[in-house]
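A note on names: the letters A, B, ... follow the listed sequences, proteins ahead of strands, and every chain is numbered from 1.
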Number of protein chains: 2
Amino acid sequence: MKPHLLAALKHIALIGGLREPVSIASRELGTALGISQQTASQRLLELAKEGFVIYTVLARKGQVKIAAKGVEALRREHADYKRMFELAKEIPLRGVVESGLGEGAFYMRQKGYKEQFRRKLGYEPYEGTLNLRCSGGTLANLEILRLSEGIEISEFVSGGRTYGGAKCFRAKAGGIECAIIMPLRSHYSDTIEVISRQNMRARLGLKDGDAVELIIVL
Amino acid sequence: MKPHLLAALKHIALIGGLREPVSIASRELGTALGISQQTASQRLLELAKEGFVIYTVLARKGQVKIAAKGVEALRREHADYKRMFELAKEIPLRGVVESGLGEGAFYMRQKGYKEQFRRKLGYEPYEGTLNLRCSGGTLANLEILRLSEGIEISEFVSGGRTYGGAKCFRAKAGGIECAIIMPLRSHYSDTIEVISRQNMRARLGLKDGDAVELIIVL
DNA sequence: ATTACTAAAATACGAGTAG
DNA sequence: TCTACTCGTATTTTAGTAA
């Protein structure tokens with residue numbers, strides 16, 4: 001994302017464009033950014049064209065709301081600054097239990113993955129994943145992980161199908177050693193998959209909607 | 001700060017320039033930012049000229065370290081993103097007790113301030129301040145306060161001298177109601193002054209070097 | 001009041017290149 | 001190799017202005 005677009009996007013976020021459509025005059029935006037009304041107007045159009053915001057002008061007043069792509073870009077920035085100033089060996093993540101669609105278990109059954117987990121994690125995980133949906137401040141920490149290296153799980157081919165690569169991070173939740181796994185090729189997601197030697201759901205007595213805190217150990 | 005300069009500064013921070021001088025080739029920086037070697041070189045020169053970094057080229061290799069002004073700019077950004085995603089009514093601050101130079105008490109004795117505190121805070125504070133030096137992640141929260149409104153304390157003139165304006169935020173520390181006070185006209189500082197109805201140092205049995213956590217209530 | 005077009009002015013960029 | 005200069009060009013910005 002181009003720096004000057006980011007600056008405009010950031011300003012829109014700060015006046016509330018993340019939550020709801022805000023009305024902003026191009027002159028106002030211009031003044032805030034130290035640019036002319038004309039340029040500010042252009043910035044809004046550009047942001048909209050690139051899909052960062054939804055921009056409509058109603059009754060001669062611009063209304064702007066940050067789109068998913070814009071939120072993602074801002075979260076990336078947030079994660080960068082967090083990493084810069086709050087770098088730590090332990091990263092907390094909070095999330096809420098969600099039922100998956102069972103595909104987690106399907107992947108965990110594949111030999112190609114099982115083998116790698118045993119070698120790289122030191123154990124063969126239970127055949128099922130715990131899905132956690134994160135929100136709020138925790139999402140920025142997720143973003144830090146996305147930018148970190150982690151333990152590499154390579155892609156492999158089996159039965160004419162390619163199973164994609166992923167990366168793992170060791171973690172602890174409720175005293176249980178576990179790991180989270182992130183697919184390498186995937187778009188933004190606010191849910192993480194937790195694997196462990198044991199069935200975490202049963203072990204911790206979790207049901208959908210329960211909050212779980214886990215600590216990633218880098 | 002101009003957006004394109006910020007982008008370069010941020011990249012330098014992410015490769016460790018906050019902590020120590022890092023060696024970076026202009027081509028490298030250029031590739032990372034999607035600009036040419038020439039432009040990247042110019043960015044470094046510009047950052048140095050504006051005082052954001054200390055830049056020296058030794059044996060044909062650029063060495064760059066982020067200067068105080070650069071750190072400040074980055075912290076501002078960090079605070080913006082924090083505010084955007086982690087906005088809360090309660091902001092935690094952690095700091096370590098430091099002895100002041102007694103000027104805090106001098107100011108607290110001035111009628112012009114005392115009067116305003118009584119009116120706007122609801123009590124007349126103890127004539128002395130508790131100084132806390134903040135560090136780490138807490139500094140970003142301090143920055144949030146710097147950008148927030150707070151309770152305004154106006155400047156006034158007395159005895160031919162002008163006493164500057166300030167802003168206050170209500171807070172709680174160790175169960176005691178207190179407030180932090182920030183001068184309006186002042187440069188970046190990592191220490192805050194806490195005032196309260198009581199002598200907090202005595203009341204909480206604090207001595208230099210003790211850690212204190214307080215919660216700002218916006 | 002607005003937004004946003006066009007065209008001119010200002011600025012930023014990178015190729016070439018010296019040190 | 002490296003940095004960083006000059007300079008022609010491309011891009012960006014803004015003034016003027018229409019809608």
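Whole-Å rounding puts the K2(B) NZ to dC13(C) C1' distance at 14 Å. Look at CD on Q37(B): it is 10 Å from P on dA15(C), rounded to the nearest Å. In this structure, the CG atom of L29(A) is 12 Å from the P atom of dT14(D), given to the nearest Å. Rounded to an integer number of Å, the gap from E28(A) CD to dA1(C) P is 14 Å. The CD-P distance, from Q63(A) to dT2(C), rounds to 14 Å in whole Å. Taking atom NZ on K49(B) and atom P on dA4(D), their separation rounds to 13 Å, with Å as the unit. Straight-line distance from the CG atom of L45(A) to the C1' atom of dT12(D): 15 Å, rounded to whole Å. Per the geometry, CD1 belonging to I24(B) stands 14 Å off C1' belonging to dC2(D), to the nearest Å.
Seen from the ring of F85(B), R83(B) does not count as a face-on cation partner, given the 6.0 Å and 45° thresholds. A cation-pi arrangement is present between R161(B) and Y163(B) under the rule of less than 6.0 angstrom and at most 45 degrees off the ring axis.
The phosphate of dC13(C) (OP1 or OP2) has no side-chain N or O of S36(B) nearer than 4.0 angstrom. Remark: R27(B) is not in phosphate contact with dT3(D), judged by side-chain N or O atoms under 4.0 Å from OP1 or OP2. Under 4.0 angstrom from either OP1 or OP2 of dT3(D) there lies no side-chain N or O belonging to S41(B).
Picking from dT14(D), dG16(C), dT13(D) the nucleotide with the shortest atom distance to the side chain of Q38(B) gives dG16(C). Proximity note for V57(A) (side chain, C-beta onward) versus dT12(D), dG14(C), dA4(C): the nearest is dA4(C). With distances taken from any side-chain atom of A25(B) to the nucleotides dT3(D), dT3(C), dA4(D), the minimum falls on dT3(D). Which of dC13(C), dT13(D), dA4(C) sits closest to the side chain of T39(A) comes down to dT13(D).
Donor-acceptor pairing under 3.5 Å is recorded for the side chains of Q37(A) and S26(A).
Side-chain atoms of Q42(B) stay outside donor-acceptor range of the base of dG14(C), with no qualifying N/O pair under 3.5 Å.
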For this session: Take T191(A) and N131(A), measure what side-chain hydrogen bond (donor to acceptor under 3.5 Å, both in side chains) needs, and give me the verdict at the end.
Result: CA-CA 7 Å; T191(A) 81; N131(A) 292 8; 5.5 Å; no
For this session: Test side-chain contact (heavy atoms from CB on, under 4.5 Å) on L184(A) and K167(A) and set out the steps.
Result: CA-CA 7 Å; L184(A) 285 187; K167(A) 59 184 175 182; 4.0 Å; yes
